[in-house]
Trainee: 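This is the structure I have questions about; it appears just below.
Being a predicted model, the structure only gives us computed values, none of them experimental. Atoms within each ligand, like the ligands themselves, are counted from 1 in listed order.
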Amino acid sequence: MIDWQGFDWQGFQAELGDIPCITERALVRQKSRDFFWYSPILKAALNDKSADLVVCPRNEADVVAVSALCARHRVPLTVRGAGTGNYGQAVPLEGGVVLDMTGLNRVLSVDAGLLRVEPGCRLIDIESAVAEAGWELRMYPSTKRTATIGGFVAGGSGGIGSITYGGLRERGNIVAARVVSCEAEPRIVELTGDAINRVNHAYGTTGIITALSIPLAPRLPWVDVIAAFDDFMTAVRCARMLGLSDGIAKKLVTVLAHPLPQNLKGLTTPEGKHLVIAMIASHALTGWTDLLGDFGGTEILRRPTAEAETDAQLTPVYEYTWNHTTLHALRKDKSVTYLQSLFPADRTLELIEETYRSYGDELMIHLEFLRAGGQVTCSALQVVRFSTPERLNQIIAELEARGILIANPHVFTLEDGAGHKRIGGDQPAFKREMDPAGLLNPGKMRSFTVA
Ligand code: FAD
């Protein structure tokens, strides 16, 4: 832990010149937090962490200036988008500077289905900006209305749209990233192709992203639908079939087992039922209705997504899914937490049924169907009735023993959180190149040591 006693923060700030800063303690603390409190374990570990100063760059030149100053004074620098990440990704473990990127929020160009954008641009603002030209984002997290594109690329994994395009990590879902190093004289590097993985899901430990090229999808009029089922596995089979139905254009396929639907704010659901929540292109609704008929589900909601996004009284269904499901559950019962898992594509149904039957209400099943490596499988963000860390770890071990991959959301390091317990591609080597003194988000890449 760095001893900040006697560090001349006023002098540091003076050297920043006219770059805006936040010094007010309460606001600095607020901007040092994210949604780590979903985990009782991380809540205990991270609750008291705070930066010393928040710096708010207006453009790339400001980012370079801050990075250079931090490198010269050996001050830790933790990058932040909107702070909606889980697992303390944007929490500065060693104090120092939090770099608030929301000032770099311009859409730079939209050309032939390729977006060039600054990292602090909110996903919802990107959607509005590209809509005019007939495009939309291939995928976004359920925090689309608050999160930034830079935070999504550096901290997220996938979301609404992943049923068609796979996760962010899938080759081709990010085209290029412009990255600033943390050195006395920062360098700017443009990454393309597989090299993107050096910054994708690296928690800002390997460089500061100042621009991104993101491929878009043709814009479609999406319709929110929800169907209720008496039997859980029938709901799962219906959702999986929807995932496999390539002719039905869809953006989201979620299953919530009873009692999770009872938590959804603003939605009245029939007692005891299991839900399939989906976003279907308006031209594909007949296909959806026919499919639902095959499985005996009852549609309980149908409404254009855009209507729910623009009416403050309504909730778009994507805000009932992905990690919003956990948030709805936490609103009702502060003692619950969650897990993140990926089911193997060849044993999806069998393993879902096994886990559903084995844990009862201790593990409330929430599934997100998606494509991974071209195959339809599903990820689960099970809501867990938390008792002790030991019991949580026991459940994780049991699921892993069954062949289910766990991305542990109760740890803050890249290595421990990753599904395969190792970090992506050549991130450590790139960090050595871009951040030789280990100042970027220190403590998050556990295996990194300063040379
Ligand atoms: P932040 O939380 O601010 O940052 C995330 C990480 O990125 C941090 O490590 C930060 O240091 C780094 N970072 C930010 N900007 C930069 C930059 N310019 N350069 C380098 N590093 C940077 N995630 C999903 O993937 N899918 C979901 O569906 C999803 N649903 C969620 C639902 C809820 C209710 C919550 C609370 C979280 C959810 N998340 C989900 C996690 C999170 O919302 C997303 O990953 C989101 O995209 C993060 O964006 P942000 O702007 O808030 O990033």
Trainee: Kindly list each side-chain donor-acceptor pair under 3.5 angstrom involving residues 308-315, sequence neighbours excluded, with atom names and distances?
Mentor:
| unit_1 | atom_1 | unit_2 | atom_2 | d |
| --- | --- | --- | --- | --- |
| E309 | OE2 | K144 | NZ | 2.7 |
| E309 | OE2 | Y318 | OH | 2.5 |
| T310 | OG1 | A306 | O | 2.8 |
| T310 | OG1 | E307 | O | 3.2 |
| D311 | OD1 | Q313 | N | 2.8 |

Trainee: Which is closest to atom 27 (C) of ligand 1 by heavy-atom distance: G207, P57, G85, P141?
Mentor: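 The nearest heavy atom belongs to P141.
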Trainee: Other residues, nucleotides and ligands only: do more than 12 of their heavy atoms fall within 6.0 Å of CG on D361?
Mentor: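 For D361, atom CG is crowded (more than 12 foreign heavy atoms under 6.0 Å).
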Trainee: Let's go through I208 and V66 carefully: what are the C-alpha distance in whole Å and the side-chain angles of both, what is the deciding distance for side chain to side chain contact (heavy atoms under 4.5 Å, CB included) to 0.1 Å, and is it a yes or a no?
Mentor: CA-CA 11 Å; I208 308 164; V66 181; over 6 Å; no
Trainee: Measuring from atom 31 (C) of ligand 1, which candidate in T78, N200, N323 has the nearest non-hydrogen atom?
Mentor: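 Of the listed residues, N323 has the closest heavy atom.
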Trainee: So, for F412 and F36, is the gap between ring centers shorter than 6.0 Å?
Mentor: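 They do not qualify: ring centres at least 6.0 Å apart.
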Trainee: Just jot down the ligand 1 atoms closer than 4.0 angstrom to any heavy atom of G156, in number order.
Mentor: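 It comes down to these atoms of ligand 1: 25 (O), 45 (O).
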Trainee: Taking S67 as the fixed residue, which of S181, P57, C182 is the one that meets the side chain to side chain contact (heavy atoms under 4.5 Å, CB included) rule?
Mentor: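 With S67 as partner, side chain to side chain contact (heavy atoms under 4.5 Å, CB included) holds for just one option, C182.
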Trainee: Under 3.5 Å between some N or O of ligand 1 and some N or O of S142?
Mentor: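 Yes, since at least one N or O of S142 sits under 3.5 Å from an N or O of ligand 1.
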Trainee: Measure the distance from atom 16 (C) of ligand 1 to every protein heavy atom, then report the residue, atom name and distance (to 0.1 Å) of the closest one.
Mentor: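 Atom 16 (C) of ligand 1 sits closest to the protein heavy atom V79 CG1, 3.4 Å.
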Trainee: Is the shortest N/O to N/O distance between R80 and ligand 1 below 3.5 Å?
Mentor: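 N/O-N/O distance below 3.5 Å does not exist for this pair.
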Trainee: Is a side-chain N or O of E136 found less than 3.5 angstrom from the main chain of V130, in a donor-acceptor match?
Mentor: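 Such a contact is absent between E136 side chain and V130 backbone.
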Trainee: Does ligand 1 come near enough to S157 that some N or O of the ligand is less than 3.5 Å from an N or O of the residue?
Mentor: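 Yes, there is a polar N/O contact under 3.5 Å.
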Trainee: Hey, does A82 come in under 3.5 Å of ligand 1, counting only N/O atoms on both sides?
Mentor: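 Between A82 and ligand 1, an N or O pair is found under 3.5 Å apart.
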Trainee: Can you confirm, on distance only, whether ligand 1 has an N/O atom lying under 3.5 Å from any N/O atom belonging to H324?
Mentor: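 In fact, backbone or side chain, H324 has no N or O that close.
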Trainee: Tell me, which protein residue and heavy-atom name are nearest atom 39 (N) of ligand 1, and how many Å apart are they?
Mentor: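 For atom 39 (N) of ligand 1, the nearest protein heavy atom comes out as N86 OD1, 3.7 Å.
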Trainee: Name the closest protein heavy atom to atom 4 (O) of ligand 1, giving the residue it belongs to and the distance to 0.1 Å.
Mentor: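 Looking only at protein heavy atoms, the one closest to atom 4 (O) of ligand 1 is G151 CA, 4.0 Å.
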Trainee: Within the structure, does G81 bring an N/O atom to less than 3.5 angstrom of an N/O atom in ligand 1?
Mentor: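 In this structure, G81 places an N or O atom under 3.5 Å from an N or O of ligand 1.
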Trainee: Number the atoms of ligand 1 from 1 as they appear, then name those within less than 4.0 Å of a heavy atom of F35, with their elements.
Mentor: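 Those qualifying, in numeric order: 36 (C).
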Trainee: Which heavy atom of R25 sits nearest to which heavy atom of D52, and what is that distance?
Mentor: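 Looks like NH1-O, 3.4 Å.
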Trainee: Below 4.0 Å from ligand 1: does a non-hydrogen atom of Y38 turn up there or not?
Mentor: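 Y38: in contact with ligand 1 (<4.0 Å).
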Trainee: Examine I208 against ligand 1 and note whether any of their N/O atoms are separated by less than 3.5 Å.
Mentor: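 It does not: no N or O of I208 is found under 3.5 Å from an N or O of ligand 1.
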Trainee: Aromatic ring centroids of Y338 and Y38 under 6.0 Å?
Mentor: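 Yes, they do, as the ring centres are separated by less than 6.0 Å.
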Trainee: Should you measure from each heavy atom of G204, which atoms of ligand 1 turn up under 4.0 Å away?
Mentor: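 Counting from 1, the qualifying ligand atoms are 20 (C), 21 (N).
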Trainee: Within the 3.5 Å criterion, strictly below it, is a donor on N323 or N86 matched to an acceptor on the partner's side chain?
Mentor: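 Note: N323 and N86 side chains meet the donor-acceptor criterion.
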Trainee: Please work out which of T321, V91, T84, I209 has its closest non-hydrogen atom nearest to atom 19 (N) of ligand 1.
Mentor: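 Shortest heavy-atom distance from atom 19 (N) of ligand 1: I209.
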Trainee: For A154, which part has a heavy atom under 4.0 Å from ligand 1: side chain, backbone, both, or neither?
Mentor: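 Both backbone and side chain.
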Trainee: Considering the heavy atoms of G158, write down every atom of ligand 1 situated less than 4.0 Å from one of them.
Mentor: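 In order of number, 24 (C), 25 (O), 26 (N), 27 (C), 28 (O).
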Trainee: For a quick check under 3.5 Å, do R169 and N200 share a side-chain donor-acceptor pair by atom type?
Mentor: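 There is such a pair (donor and acceptor under 3.5 Å, judged by atom type) between the side chains of R169 and N200.
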Trainee: How far apart are the closest heavy atoms of S341 and Q382, and which atoms are they?
Mentor: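 S341 and Q382 have their closest heavy atoms at OG-NE2, 2.9 Å.
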Trainee: If you measure from each heavy atom of A202 to ligand 1, is any distance below 4.0 Å?
Mentor: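 A202: no contact with ligand 1 (<4.0 Å).
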Trainee: Tell me whether D34 reaches ligand 1 (any heavy atom closer than 4.0 angstrom to a ligand atom).
Mentor: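 The answer is no: ligand 1 sits nowhere under 4.0 Å from a heavy atom of D34.
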Trainee: Heavy atoms only: which of Y87, F152, F36 lies closest to atom 47 (O) of ligand 1?
Mentor: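 Looking at heavy atoms only, F152 sits closest to atom 47 (O) of ligand 1.
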Trainee: For ligand 1, which is the ligand I care about here, please tell me if G159 has any N or O atom under 3.5 Å from one of the ligand's N or O atoms.
Mentor: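 G159 vs ligand 1: no N/O contact under 3.5 Å.
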